Protein chains: 2
Amino acid sequence: MLKYALLGFLTYTPMTGYDLKHQFAVVAASFWHAEVSQIYLTLKKLEAERLVTSQIQPQDDHPDRRLYTITDRGRHDLRAWLSEPITELPPIKQPVLLKLFFAAPMEQAELLAQLRLLRNLHLQKVSYYRGPVLAHIRGTAQRHPHLAKDARLWEATRRFGELSHEMSLRWLDEMIAMVEERW
Amino acid sequence: MLKYALLGFLTYTPMTGYDLKHQFAVVAASFWHAEVSQIYLTLKKLEAERLVTSQIQPQDDHPDRRLYTITDRGRHDLRAWLSEPITELPPIKQPVLLKLFFAAPMEQAELLAQLRLLRNLHLQKVSYYRGPVLAHIRGTAQRHPHLAKDARLWEATRRFGELSHEMSLRWLDEMIAMVEERW
DNA sequence: CATCTCATGTAACTGGTTACATGATTCG
DNA sequence: CGAATCATGTAACCAGTTACATGAGATG
């Protein structure tokens, strides 16, 4: 799947692996995550599949950059993937829920401390999505008016992040209340 | 992590790999997923680590069963893991959002069809959590009163499933409205 | 008669993580 | 002067998936 994330970003403009890393850190964190090593490896595979091409750009004061450009085949591949509808939801893997499910042997105070810590993490995320992420999307949209449609889609993914952390917050409030009241 | 899910279930009662598979299909689907092959492989590793032991039970009319029992070391290991607080949220990987983020080249009708299909999937999940899952938890709790505390925790994970699919539903409604109105 | 359930497992592969390596430049 | 940034990569490892194999008994 990382494959399509990389192809997707390369439709905007040619980029290096390093640039793509930043895309993941800044814009894509709300829906995907990738380690740098994996990005470089996958770019190599994409080039072998002829979905991207690359040229080395020598630089004087910095290491050389390898700039990747999406090919027509790459665009076609991405487009085909977009057309495939998702017919079943991916299986859930939630470490938090796994822990909570088997938390019976824990002490009340210990569990409450963990739930409150978690609550804090989600709270931070909510303000992150409402603050810097929103600002970044609006800023980019204003600077590049031709990306107006894209910007609405970015906003859609941002909104998901906001809503989902809000939901976790509500859920944790319920859980904390439950554990406080009866354990 | 599958490790701890297996250890967790084995604290209730000794089970076979096959039994554990059912636990995942019925109870654990709201927070974890595992293929059978992976369950057998992991059980073997757990035995090598002495966190579980196994005995073969010969059966006349069915294949022999290998019954796994958690050891004290296993309980201890699980307990230690429960005590480790989660200090950062796991990175998100949402194929749906990945697609949506790059959906600009899609046609309105195509995208709307996919969003509506998705909406339906979430709707089904919501009624699944409100119906059979809830019934199963209440049933088990009534039949085994000593698991009352556990049952409250199971209900907590069920509630998360319900809330998170409801959230997705709300989000999709917003998205569908947005795409219908302006594309 | 076909399919499902019971029951356990191996082999090949894929996707991703962690750790490591290099080395100049810029910033506080 | 240390840390961060720029920039790319390899090697070892780990978790998990897919496909395959076996074979009897029960169910429709």
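Here is how names work: the chains are called A, B, and so on, in the same order as the sequence lines, proteins then strands, and each is numbered from 1. Being a predicted model, the structure only gives us computed values, none of them experimental.
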Query raised in the report: Can you tell me how far P of D/dT8 sits from OH of A/Y68, to the nearest Å?
Result: 8 Å
Query raised in the report: Where along residues 41-56 of chain A does a heavy atom fall under 4.0 Å from DNA chain D?
Result: A/L41, A/K44
Report summary line: Residues in residues 1-18 of chain A with a heavy atom under 4.0 Å of DNA chain D, by number, are A/T16, A/G17, A/Y18
Query - Nucleotide of C/dA7, D/dA15, C/dT18 approaching B/R65 most closely (side-chain heavy atoms) - result: C/dA7
Query - Rounded distance in Å - CD (B/Q57) to C1' (C/dT8) - result: 14 Å
Requested in this report: Report yes if a side-chain nitrogen or oxygen of A/Y40 is closer than 4.0 Å to either non-bridging phosphate oxygen (OP1 or OP2) of D/dT8; otherwise report no.
Outcome: yes
Query raised in the report: Which nucleotide in the list C/dG16, D/dG9, D/dC6 gets nearest to the side chain of A/H22?
Result: D/dC6
Requested in this report: Nearest whole angstrom, please: distance from the P of D/dG9 to the CG of A/D64.
Outcome: 10 Å
Query raised in the report: Atom CH2 of B/W32 and atom C1' of D/dG16: how far apart are they, to the nearest Å?
Result: 11 Å
Query raised in the report: What nucleotide, of C/dT17, D/dA19, D/dG16, holds the atom closest to the side chain of A/K93?
Result: D/dG16
Report summary line: Of C/dG9, D/dT8, C/dA7, the nucleotide closest to the side chain of B/P63 is C/dA7
Report task. Taking only the side-chain nitrogens and oxygens of A/H33, find out if one of them lies under 4.0 Å from OP1 or OP2 of C/dT17. Result -> yes
Query raised in the report: Atom CD1 of B/I39 and atom P of D/dT17: how far apart are they, to the nearest Å?
Result: 10 Å
